[in-house]
Amino acid sequence: MPRWGMVIDLAKCTACQACVVACQTENNVPCVEPEQAARGRIISWLTLQPELAGTYPRLAQRLLPLPCLHCDSPPCIRVCPVGATGITPEGIVRQTFARCIGCRYCTNACPYTRRMFNWYQPEFPGELKQALNPDVSVRPVGVVEKCTLCHHRLLRAREETRAENRPLAEGDYVPACVEICPANAMYFGDLDDPDSRVAELARSPRAFKYLEELGTEPKVIYLAEGEWAGGEEQQQR
Amino acid sequence: MNFRVNRRDFFRFAGGGALGLAASGVTLRGISTVTATLAADEVQVPRGPEGHALSVCSLCPGGCGLRVRTIGKRAVKIEGNPLHPVNHGRLCPRGLAGLQALYHPDRLRAPQKNVGSRQAPEWKEISWDEALGTVAERLGERARRGEAHTVVFVAGRTGHLQQRLFRRFLQAYGSPNYFQAPSGLDSAQLAVHLQQGISEGVAYDLEGTRYLLSFGANLLEGWGSPVSTMRAFGHWRDAVGGRRTKFVQIEPRFSVTAARADEWVPLRPGTEAALALGIAYVLITEGLYDARFVSEHTFGFEDWRDARGQTHQGFRSLILSEYRLNQVAALTEVPVETILRLAREFGRNRPGLAVGPHPASTLPGDLYAALAVHSLNALTGSLEVPGGALVRPSLPGEEEPPAAGKTLPPSIVGSEDSLGLRPDLARLPQAILARQPYPVQAMFIHGTDPVFSLPNGDEFAAALQQVPFVVSFASFLDETAAGADLILPDHTDLEKWQEGASPPTFPAPLVSLAPPVVEPVHSTRATGDVVLELARRLGGRVAAALPHASFEEFLRAQAEALYAAQAGYTFATTMEETWNRLLERSGWWAPTYSTAEELWTQMKERGGWWEPTYYYGEFERVFRTPSRRFEFYSQRLARWAERHPERAQAAGLKPGDDRLALPHQPPLPEPPKDFPLVLIPVEVLPLAGSDGTHLPYLQQIAGSYAFENWDSWLEMNPATAAALGLEPGERVWVESRRGKVRVRLRLHAAVRPGVVHLPLGYGRTQGSDWACRGVNPLQVVETQPDPVSGWLAAGRTYVRVYRG
Amino acid sequence: MEKNNSSGNPEALGPETVLLQPIVATRSSFYYLALVLLGFSSLAFFAWLYQIRWGLGVTGLNVPVYWGFYITNFVFFIGISHAGTLISAILRLAHAEWRRSITRAAEVITVIVLFFGVGSIIVDLGRPDRMLNVLRHPNFGSPLLWDVCSVSIYLTASTIYLYLPLIPDLAILRDYGGKYTWLYRLLALGWQGTPRQRRWLERGIAVMAVLVIPIAVSVHTVVSWVFGMTVQPMWHSTIFGPYFVVGAIFSGIAALIIAMALIRRIYHLEGYLKTIHFHHLGTLLLVFALLWFYFTFAELITTYYGHDPAHLVVFYSKLTGRYAPLFWTMMVTCFLIPVGILSRPQNRTVTGTVAASITILVGMWLERFTIVVPTLSHPRVPWDKVFYSPTWVEIAITLGFGATFIFLYMLFTKFFPIVSIWEVREGREHALAEVAERVQSYMPGPETPR
């Protein structure tokens, strides 16, 4: 049984946010009106988190693309009173929109603030309704939503590979964000498959888990920024 | 115990209980129904087979290939074309947001006619027949009166083949006045033109370079071809064995590009040229430059004597005398040790590349800085080598035969007025308002919004008022279209035959091609088809020059030229590509097509055609200067300066001063007394090209690095704010000598003290509500033309900021 | 207990006549007040409908402050519910004779206010139409579900615990023969006051008194665990269980004092709710003020010494940052003022204790608020400064809940005696002897059989 995970190489990430918009258009994530955005109600399954430290000119910035980290020990699923969220056997922290009662306990339990809530009925004004992806349900008002690792793509890949009579291979199932990254900074696959790229990268000395000390065991693993190893000496061409 | 209760009481009790239960049930049901009804009208599940169709993105000149997922007649997701050599199946956030442009609720749905006045427009929808009839009639009248040359066509920077069509139309019609919107890369392009004598596109082999010095180029936020650049960035960081390419970002602000660079070098704004020349100083004094290349392929490195016997200063002596490190360090505020180290690293990690300046993709940088930067490439021999600066060969079919018939009168903005390769659009308003050399009677605008995106946009708006007949092809109402008489809205990308040629900085000749993906959503029409229809209606020479029945047929004809070139390949998988290159190295050309028909079909199926092999070291091709070498001392520039002595004086130099033809640091203007801060507008990737505020996806992510979205913000260093007594989040006035705007303050440690920044792209007043937010920084930037190039770059603007 | 044959004659009850007055006669001021209160209730109802129509976006909640007024109200109301049953049960078990006049008033607070606690949660739900999912698909690992169970059990137990001692009074009302006799007859369950019935009743009350205490403790412990079981800074604290229970009893006593003072004044019950009652309750209030302060101080000092950065951000936000005004107001109103007033015995008068109680109620509401909101305002992941400020919807619903609670309490006093008639009578007739006997058994001498 695969254990789906993701590796994001922060050395390669250009902070362009293509992943953010890819997720939104793939998953019918509604945009909110600017007044609502100003009140802190943007719904974004994947967000670019800026961390800026220092004073000019000694500055350091980390820009972290942060989806739901699909923890192996998620603090959010324990607290849902109706079991609208849970973890599948393959490690995806699912969100069952139809059951959610909107109590927002899970949004408060997540230490990464990766869960979003539909404060109003989502609107897709005018012809924008036509741009909705039919593979993903449109959530109604009052319901919590979050990154699903494009679970609908997994279902589709399973169907297709079953029809083609072959097992699921690396690359058959790729979330929208990983697929679009211009710098190839995102990797996705089965963490339990020792030969997969993600498993290999997850073992890298640069690999770290965000807020690891909380013991959430996230399956979205980051590779820390690297360093240029060269210098003023002659380099071979 | 006894429990006596009578029937009446029991029924009363039970009845009440039942009523209560029913009431709560009804309430629950009621709530459920309300929410269900609210949800009901939103989802319209598309029906039909699933398909994938190719297209090309034109939300920026980057030229990415798209692959669109369709269900029935609807486009439901935009993804990248995996075969496309520019983006390899990936996209930037703008490309993805194109779906919101296609299905935007505020699109113009049909031709619009202004039935009010120019000052108070009232838009009425009219039929295409009426609209085209009006335009054809007006154009015909102008031609009959012999005033064809008074018609101006203003175009953007996308749609290369389409622009061929526009140019051909205009030329056949009889006007020389074709203008293109300025691009940030114009400075680099002009620098290469002056130093190498070429007009073809400047290109860089980013993926192959080992060391990149970016002098204020927002590499990851809109420079060049964004997705292609980001792919190269990913490649640099992916290198095995520790041979990561070093990327150094040199700019005053700790932008996202700077944060992602290996090293950020903060410097005083406007001193990029000095820093580049300081690095040149180290390269020269420590012998780190490619002496062989310099002696064999450059001119003007040493002092030289011209045909009249006059001695001219060379690059070397200029550097050694005026750009010593302590001088440079004092001017740029970059420590000497840093300059030494950068230069040594750059000189030793070959091939290295220097690019810049590029403040924004619509604003050219300082010309002399561009000359200085490109000189570094020459010094280290990084020209025409893998990983260096290249010159992209022209596309087949580019050289057009001159229009048979009379020669055209001079363009209204002559090349004599500006040094550029093409007439500078920013100089057009002045000429129109002055009615010199002749008044403009009609103007067409496609693919750009000059009133919004030019630094002198207000001047452009005033000039528009003087033009009797203005036609816009905008798909959304914008600042320029608001001043038009007619709007003939163009299709959006997915509704029309899309094409694109090699994007800026991309080294290979390339043509993207794609048929329409979806049927038109509204009553819009592809401008290519509209122009062809106009040609038909005008008849005569124009119709003869453009005999194509549709834009598709026009593109087909262009593909014929590609076939005739007998070179290149259609887009292919990596494996096929490797095979092709292998063959080419052995001198074979074995494309997958054998007829023009097959080429056309394959271009549609795969996304386009390109010539992947670059032949390095073709110095005869890339050095077409008088000396047939790279000219540190640009003779063309010298001759031009000779013809315009007043320009020299404006630049603070005497006429005949050799520095006019050499890269040098222009003097920094003195700050005026009451305007102590420097304003530098910044470009953020989601709004690259000053465009995109009408798309909510992009508005939501515009300023994520500073938690900003949907509205303008003024970036200021916290120390500067404290000194001015300003609180974070409060509304302040930003005032320059030209004007003032009111904006919210965001304290951002990434900003240099004494400098403030406003993001470009905000401040529209026309069109979608989503777009009409914030302020346009170009309303306050200084618009003094650069004294030498004549460009109206967003120059150094001094402002004051106060509560209000 | 003698049967009363004099229908409609309140004088027949003797000295306890005044206790029936509210039921017998209603002044016009009741109707005016009811109208005002129902006005607030209607506004709250309208606000809730508005919220159902548009969604929770009409509140001031946002990302990351997902909980605000409603959850604060939830904890606050559930806290007040500890007044009644806990006080009445503990005092009963301790044989404190001064409880007799106040047990009913206390128990009624509990039963009514629990509905508003639950109501606050329902109002906070994004999809109240799906609230039955809690019963259909319960996740027993969730503290919120423990809440549902625990509050349901508490509500049931409190209702029984209110009802049982109410039966003899219902019989009195039934026999008195005024209005709604059918209701009293139904509810009195045929009480005749026989020795057998009395034995059953007393056993039932005693059992409930013992049962209700752990249930009540569990309720607010479980409410605190809604916060404590997360990993969020300054929520994930082991002290929350006892801390919240202490805080609940604290605010409960304060609410009780105010309720008592009001009914004392309005229904002229100075003879039954005497200064000594307020004095004793004031002493209890003082003890709990000190206890509350002890827990608060322990919580804050361990956070400070721990110096965990995520915790310190929230800590400073409360002590010196945005929530400092609310936090320090809370300290003043929950500790400084009450202890200042109540530590001097001569201040434990009706006025003194009521003044202290009012400040305590304000302070305890602020205490809930400063527990819920500052933690949410400072998530671990970097976030821009987002501020939570309630909208009219939240304020209207909060005020409406308070007004409706007062109204329902008032309504209760119009149908049922707010002071337990039979217990007061029992006290008047038997208590003195019992107490004397009890004290006698403490005195040095041979063992006396119990």
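Quick note on labels: first sequence line is chain A, next is B, and so on, each numbered from 1.
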ask   = Can you tell which of B:H235, B:K73, B:R74 has the highest number of heavy-atom pairs within less than 4.5 Å of chain A?
value = B:R74

inquiry  = Need one label for A:A185: side chain, backbone, both or neither, based on atoms under 4.5 Å from any heavy atom in chain B.
reply    = neither

query = Most heavy-atom pairs under 4.5 angstrom with chain B, which of A:A22, A:C181, A:A176, A:G126?
reply = A:C181

request  = Please name the pair of heavy atoms, one in A:C19 and one in A:M186, separated by the smallest distance, quoted to 0.1 Å.
outcome  = CB-SD, 4.1 Å

task = Below 4.5 Å from any heavy atom of chain A, which atoms of B:I71 appear? Answer side chain, backbone, both or neither.
result = side chain

key: Portion of A:V32 that has a non-hydrogen atom of chain B nearer than 4.5 angstrom   = both

query = Of B:F254, B:F707, B:W713, B:Y705, which is the lone residue that meets ring pair (Phe, Tyr, Trp, His ring centres under 6.0 Å) with B:H748?
reply = B:Y705

request  = Can you see which heavy atom on A:V198 is nearest to which on A:G5, and at what distance?
outcome  = CG1-O, 3.8 Å

inquiry  = Apply side-chain contact (heavy atoms from CB on, under 4.5 Å) to residues B:L96 and B:Y697 and explain how you reach the verdict.
reply    = CA-CA 9 Å; B:L96 292 158; B:Y697 280 155; over 6 Å; no

message = Is B:S228 in contact with chain A via its backbone, its side chain, both, or neither, using a 4.5 Å heavy-atom distance?
response = neither

query = Using non-hydrogen atoms only, which part of A:A53 is less than 4.5 Å away from chain B: side chain, backbone, both, or neither?
reply = neither

ask   = For A:L52, is it the side chain, the backbone, both, or neither that has a heavy atom closer than 4.5 Å to a heavy atom of chain B?
value = side chain

note = The interface call for B:E286 against chain A, heavy-atom contacts under 4.5 Å, is neither

key: Check: B:S704/A:Q17 side-chain N/O donor and acceptor closer than 3.5 Å   = yes

message = Using heavy-atom distances under 4.5 Å, tell me whether B:L685 contacts chain A through its side chain, its backbone, both, or neither.
response = side chain

ask   = Taking every heavy-atom pair that is under 4.5 Å apart, which of B:R107, B:H88, B:R109, B:E221 has the most such pairs with chain A?
value = B:R109

note = From the list A:A60, A:P57, A:A18, A:C13, the residue making the most non-hydrogen contacts under 4.5 Å with chain B is A:A18

ask   = Looking at A:R62, A:Q61, A:Q130, which has the largest count of heavy-atom pairs under 4.5 Å with chain B?
value = A:Q130

task = Output the option from A:P134, A:G142, A:G54 having the highest count of non-hydrogen pairs under 4.5 Å with chain B.
result = A:P134

Interface moiety of B:R94 toward chain A, non-hydrogen atoms closer than 4.5 Å = neither

note = Cut-off 4.5 Å, heavy atoms of chain A, and the answer for B:V751 is backbone

query = In terms of heavy-atom pairs under 4.5 Å with chain B, which of A:S44, A:A38, A:G226 leads?
reply = A:G226

request  = Counting only heavy atoms closer than 4.5 Å, note whether B:W264 contacts chain A via side chain, backbone, both or neither.
outcome  = side chain

query = Got a salt bridge between B:K77 and A:D135, using NZ or NE/NH1/NH2 to carboxylate O under 4.0 Å?
reply = no

inquiry  = Less than 4.5 Å to any heavy atom of chain B: does that hold for the side chain of A:N28, its backbone, both, or neither?
reply    = neither

inquiry  = Taking A:E225 first and then B:R237, would you say they form a salt bridge - that is, a charged N and a carboxylate O separated by under 4.0 Å?
reply    = yes

request  = With a 4.5 angstrom heavy-atom cut-off, could you sort out which part of A:V136 is near chain B: side chain, backbone, both or neither?
outcome  = neither

request  = Go through the side-chain N and O atoms of B:R752 and B:T720 and say whether any donor and acceptor fall under 3.5 Å apart.
outcome  = no

remark   = Heavy atoms of B:W770 and B:Q699 approach each other most closely as O-NE2, 2.9 Å

remark   = In short, A:E179 meets A:V174 closest at the heavy-atom pair N-CG1, 3.7 Å

ask   = Measuring from A:N27:CG to A:L46:CG, what's the distance to the nearest 0.5 Å?
value = 10.5 Å

Carboxylate-amine/guanidinium proximity below 4.0 Å for A:E160 and A:R156 = yes

inquiry  = What part of B:F346 gets within 4.5 angstrom of chain A, counting heavy atoms only: side chain, backbone, both, or neither?
reply    = neither

remark   = Honestly, the part of A:L63 sitting under 4.5 Å from a heavy atom of chain B is side chain

Side-chain donor-acceptor pair present, A:S196, A:E170, cut-off under 3.5 Å = no

remark   = Ranking B:A750, B:P696, B:G95, B:A232 by heavy-atom pairs under 4.5 Å to chain A gives rank one to B:A750

key: A:A15 to B:V256 - nearest heavy-atom pair and separation   = CB-CG1, 3.8 Å

ask   = Applying the side chain to side chain donor-acceptor pair (under 3.5 Å) test to A:Q95, which of A:K146, A:E145, A:R115 qualifies?
value = A:R115

request  = Report the option among B:V521, B:I701, B:L220, B:N717 that has the most heavy-atom pairs separated by less than 4.5 Å from atoms of chain A.
outcome  = B:I701

Which portion of B:N709 sits near chain A, non-hydrogen atoms under 4.5 angstrom = side chain

request  = Could you tell me which portion of B:R341 (side chain, backbone, both or neither) has an atom closer than 4.5 angstrom to a non-hydrogen atom of chain A?
outcome  = both

inquiry  = Could you measure the distance from the CD atom of A:E26 to the NE2 atom of A:H152? Nearest 0.5 Å is fine.
reply    = 3.5 Å

query = In terms of heavy-atom proximity below 4.5 Å to chain B, should A:E51 be classed as side chain, backbone, both, or neither?
reply = neither

Interface residue of largest heavy-atom contact number with chain A, from B:H104, B:E345, B:Q100, B:R90, under 4.5 Å = B:R90

